[in-house]
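Owing to the predicted nature of the structure, the values given are computational and were not obtained by experimental measurement. Excluded from the calculations below are hydrogen atoms, water molecules and symmetry mates; all remaining heavy atoms, backbone and side chain alike, are included. Note that ligands are numbered from 1 as they come in the structure, with each ligand's atoms numbered from 1 the same way.
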Amino acid sequence: MAELIKDIIDQAKSADRTYLMEHESKAILEELGISTTGSVVARTEEEAVEIFKSLASPVALKVLSPDVVHKSDAGGVKLHLNEENDVRRAYRDIVSSFQGKLVEGISVQKMAPPGIEAIVGVANDPTFGPVLMFGLGGIFVEVLKDVSFRSIPITRSDAQEMIEEIRGYSLLKGSRGHSADIEALKDLLMRISDFVNLEPRIWEMDLNPVFLYPHGCTVVDARIILGEPRASPPAGKEKQDLHDLFYPQSIAVIGASGTPGKLGWNVFTNLVSHKFKGELYPINPRAEEIHGIKAYPRISAVPEPVDVAIILVSAGMTADVVEECCQCGVRYIVVESAGFAELGPEGKKIELQMKEIADRYGVRLLGPNCSGIINTHCSMVQSIGIVDALSQGNIGLVSQAGVCAAGMLWGLRHIMDFGIIATIGNKLDINETDIMEAVSKDENINVICMYLESVKGGRRFIDQARQITMKKPIVVLKSGRTEAGKKAVASHTASLAGNDQIYSAIFRQSGIIRARDYEHMFNLSRAISKQPLPDREGVFIITYAGSLGVIAADAIIDNGMRLSELEEPLKKRLMDLLPDYVCGMNPVDYTFSQDARIVKSTIEIGVDSNDVGSFIVILQAEILDSYVDTLKSIDYKGKPIIACVAGKEFEMPGVIKMEKAGIPVFSTPEQVADALGIMYRHYKRVKQSKKQNF
Ligand code: ADP
Ligand code: MG
């Protein structure tokens with residue numbers, strides 16, 4: 001980094017200052033190649049006049065004081081000074097208003113011509129480190145809250161997305177004589193990102209306002225907040241790969257029990273009843289055998305190597321058991337017992353002991369306070385609650401809490417097929433990022449669905465997710481949205497950088513689909529797991545109820561798609577099919593005469609059309625059964641279909657059959673359109689990113 005920048009920061013630090021004043025901040029920006037209105041410091045009225053003359057332009061005078069945060073609120077900003085006398089008066093006014101305060105001097109600077117007022121800022125997020133903000137508003141920024149965020153460092157396409165994401169984007173593109181130079185703005189964002197990425201002492205930054213012009217942009221005011229050097233983002237553990245944690249050859253259950261009702265009974269029974277394909281070793285000093293399988297008094301007594309040990313003993317005993325497992329060569333440990341950090345400092349202490357032991361041996365540990373892993377592809381169910389029969393599927397679910405995962409399974413297994421369900425509990429060692437990475441490499445998994453309360457992986461989470469979403473969609477439900485972000489902050493940017501906004505930005509930056517709620521998460525994962533992504537925006541709607549067709553048509557527009565338009569020969573084919581009383585061509589409304597045969601013929605016309613990217617079929621609940629085989633038999637040629645069945649809750653046997661045939665069934669047209677819209681946008685994003693990378 002340039003000497004000048006280093007000197008400015010060092011100087012402030014040695015004066016025990018935690019922030020840089022406007023003239024210092026602007027000097028840094030100029031050094032980075034960013035245009036500003038400049039700032040020359042005057043220490044006397046005569047100096048101010050000299051500077052004014054040398055600038056040969058109208059000027060602004062501003063107080064430079066470490067005591068003043070908002071200069072204009074305190075009467076420290078004088079604008080549009082054209083004459084020497086104006087400058088003298090302004091100088092004296094400022095000096096007299098700030099008597100008794102520490103004043104470094106008075107900044108004399110060029111007046112910038114009016115432009116669109118924007119803000120660019122940096123805040124420091126406890127999970128993701130430095131984040132960049134862009135928004136509209138200048139002095140109104142706190143009211144309008146029209147801002148977007150990305151984790152630093154950003155790419156040029158991140159910068160583009162940040163700009164497009166704000167509500168005022170159309171103003172920037174050009175409206176009523178105003179417009180902004182988007183390329184120059186992207187340059188500015190990139191420069192700030194690169195600078196902050198390399199200078200860990202920068203904690204916060206407010207460039208407010210930045211004036212945007214049709215050509216270029218200029219920074220009018222700047223503040224930089226310094227702090228202790230930020231820790232570099234936590235690197236991922238380069239320890240062993242997690243494949244065998246998901247596909248072990250052998251599992252020992254420490255605390256397995258022959259007594260129904262005990263957790264050790266549940267876990268062992270799940271492994272046995274689902275017919276786990278490897279070796280099982282129940283460990284229990286008081287049992288000869290459990291479910292007819294020879295038991296061992298302790299893990300060290302097992303004569304064969306053990307890949308995974310599941311620990312169910314009480315929290316106080318776990319550290320010793322972990323040590324014993326490590327000593328006898330267990331490769332992965334799953335601690336399902338609870339009673340750790342979630343209960344307080346005592347539990348936290350045991351966690352730290354376990355972590356130290358596992359790290360010392362290079363053994364990976366899942367949990368504690370989790371419900372293990374389910375992998376239907378090797379018939380492995382480690383859950384704490386008894387789990388009924390499961391079919392093999394392509395969804396990888398990562399869930400923080402076991403209870404959540406189990407609750408989901410109870411009903412959802414009828415309409416969704418999971419491949420892997422991993423619960424991560426307290427994330428002592430293995431965290432959501434590790435699991436996401438491991439599951440993404442699994443050929444049996446096509447879509448990843450995550451329920452998260454927090455992210456531990458920091459920037460690594462973003463970098464991993466970004467690569468994974470290019471190949472496999474990730475749907476995330478992040479809870480804790482309303483958690484109050486109470487923090488003492490010095491900059492506008494930090495006060496706007498709420499926890500939930502940052503998560504949303506991180507998910508967008510990584511190409512992750514953020515679900516709004518629990519049902520949304522499963523609707524999306526189900527649709528994506530069963531159907532391909534639409535590759536064009538035209539949607540073909542077939543319905544038996546006019547109203548539902550109209551609602552669907554509105555909803556697809558709301559979701560950024562449109563009704564498809566059949567080519568002339570296909571229109572003719574459709575006309576031949578339609579009974580006289582049917583008019584529209586899309587939605588096609590067959591009223592109550594709609595049946596499986598005519599729906600099939602109509603879909604086949606849509607399959608042949610270049611303008612159809614996806615299908616919405618609105619079906620009668622009472623005869624849903626009669627559609628299943630016919631819809632299943634159609635060759636959709638890679639075009640997705642989602643069924644809408646109003647009142648489907650009351651016709652579950654038919655719904656289950658349809659879902660098992662691979663066609664998702666939603667209850668409202670809005671839900672269907674929302675899912676297709678999200679799938680289509682994901683398709684576009686992936687396609688565009690691939691284009692940019694090659
Ligand atoms: P503060 O944010 O500390 O109150 P600013 O330096 O941002 O002080 O000044 C307040 C407002 O005055 C800015 O939002 C901008 O509209 C205007 N302003 C300040 N300096 C200039 C300048 N050099 N050229 C044009 N307008 C300016
Ligand atoms: Mg300002």
Side-chain angles (χ1 to χ4, degrees), residues 17-30 34-42 48 51-83 86-87 90-91 93-95 97-98 101-123 133-147 168 171 178 180 188 192 204-225 489-496:
R17 255 194 295 132
T18 54
Y19 76 91
L20 302 181
M21 284 176 280
E22 182 186 343
H23 63 298
E24 298 166 320
S25 307
K26 279 181 171 172
I28 291 181
L29 297 176
E30 292 279 351
I34 294 168
S35 150
T36 76
T37 49
S39 177
V40 187
V41 185
I51 301 164
F52 160 68
K53 286 182 179 157
S54 71
L55 290 176
S57 112
V59 295
L61 260 56
K62 299 186 197 172
V63 67
L64 291 175
S65 162
D67 292 349
V68 179
V69 179
H70 297 296
K71 300 178 291 288
S72 47
D73 292 353
V77 176
K78 305 283 174 192
L79 303 172
H80 306 290
L81 310 172
N82 289 302
E83 309 288 339
D86 299 340
V87 174
Y91 190 93
D93 278 356
I94 294 179
V95 169
S97 323
F98 288 88
K101 293 231 170 76
L102 190 60
V103 172
E104 275 277 315
I106 288 182
S107 157
V108 185
Q109 57 191 262
K110 282 189 180 172
M111 277 300 294
I116 300 174
E117 293 206 13
I119 177 170
V120 171
V122 173
M133 182 184 86
F134 166 70
L136 268 196
I139 52 171
F140 301 121
V141 64
E142 238 120 46
V143 182
L144 296 178
K145 290 195 171 63
D146 191 12
V147 292
L171 181 68
H178 296 279
L188 169 64
I192 298 292
E204 290 170 25
M205 210 188 250
D206 270 343
L207 312 186
N208 184 28
V210 178
F211 283 6
L212 310 179
Y213 303 115
H215 296 288
C217 56
T218 195
V219 177
V220 172
D221 182 27
R223 262 163 69 77
I224 293 178
I225 315 282
V489 290
S491 64
H492 287 282
T493 306
S495 72
L496 287 162

Do any heavy atoms of Arg223 fall under 4.0 Å from ligand 1?
no
Within ligand 1, which atoms have a heavy atom of Asp221 less than 4.0 Å away?
1 (P), 2 (O), 3 (O), 5 (P), 6 (O), 7 (O), 8 (O)
Note: Gly38 and Gln109 closest approach over all heavy atoms is O-CB, 3.2 Å
Closer than 4.0 angstrom, basic N to acidic O: yes or no for Arg17 and Glu24?
yes
Using a strict cut-off of 2.8 Å, how many protein N/O/S atoms surround the Mg ion (ligand 2)?
2
Of the side chain and backbone of Val68, name the one, both, or neither that has a heavy atom under 4.0 Å from an atom of ligand 1.
neither
Relative to the heavy atoms of Pro209, which atoms of ligand 1 are at a distance of less than 4.0 Å?
7 (O), 13 (C), 14 (O), 15 (C)
Give the numbers and elements of all ligand 1 atoms closer than 4.0 Å to a heavy atom of Asn208.
7 (O)
Would Ala112 count as being in polar contact with ligand 1, using the rule that some N or O on each side must be under 3.5 angstrom apart?
yes
Pairwise distance CG(Leu61) to CD1(Ile94) - rounded to 0.5 angstrom
5.0 Å
Do Lys62 and Asp221 come within less than 4.5 Å of each other through their side chains, counting heavy atoms only?
yes
List the steps, then state whether side-chain contact (heavy atoms from CB on, under 4.5 Å) holds for Leu207 with Ile192.
CA-CA 10 Å; Leu207 312 186; Ile192 298 292; 3.8 Å; yes
Only heavy atoms of His70, strictly under 4.0 Å: list the atoms of ligand 1 that pass.
3 (O), 4 (O)
With rounding to the nearest 0.5 angstrom, report the CD to OG1 distance, Glu204 to Thr18.
9.5 Å
Looking only at distances, please establish whether an N/O atom of ligand 1 is found under 3.5 Å from an N/O atom of Asp73.
no
Closest approach of Thr218 and Thr37, non-hydrogen atoms and distance?
OG1-N, 3.8 Å
Closest contact, heavy atoms only, Tyr213 versus Ala112:
OH-CB, 3.5 Å
Specify side chain, backbone, both or neither for Gln109, according to which of its non-hydrogen atoms lie closer than 4.0 Å to ligand 1.
side chain
Taking heavy atoms and a distance under 4.0 Å, where does Lys110 meet ligand 1: side chain, backbone, both or neither?
backbone
Per-pair distances, 0.1 Å, donor-acceptor, side chain in residues 74-82, under 3.5 Å, sequence neighbours excluded:
none

For Thr37, the ligand 1 atoms with a heavy-atom partner under 4.0 Å come out as 23 (N)
Could you pull out the closest heavy-atom pair between Glu30 and Ser35, with the gap in Å?
OE2-C, 4.2 Å
Can you confirm whether Glu117 sits close enough to Val141 that some side-chain heavy atom of one is under 4.5 Å from a side-chain heavy atom of the other?
no
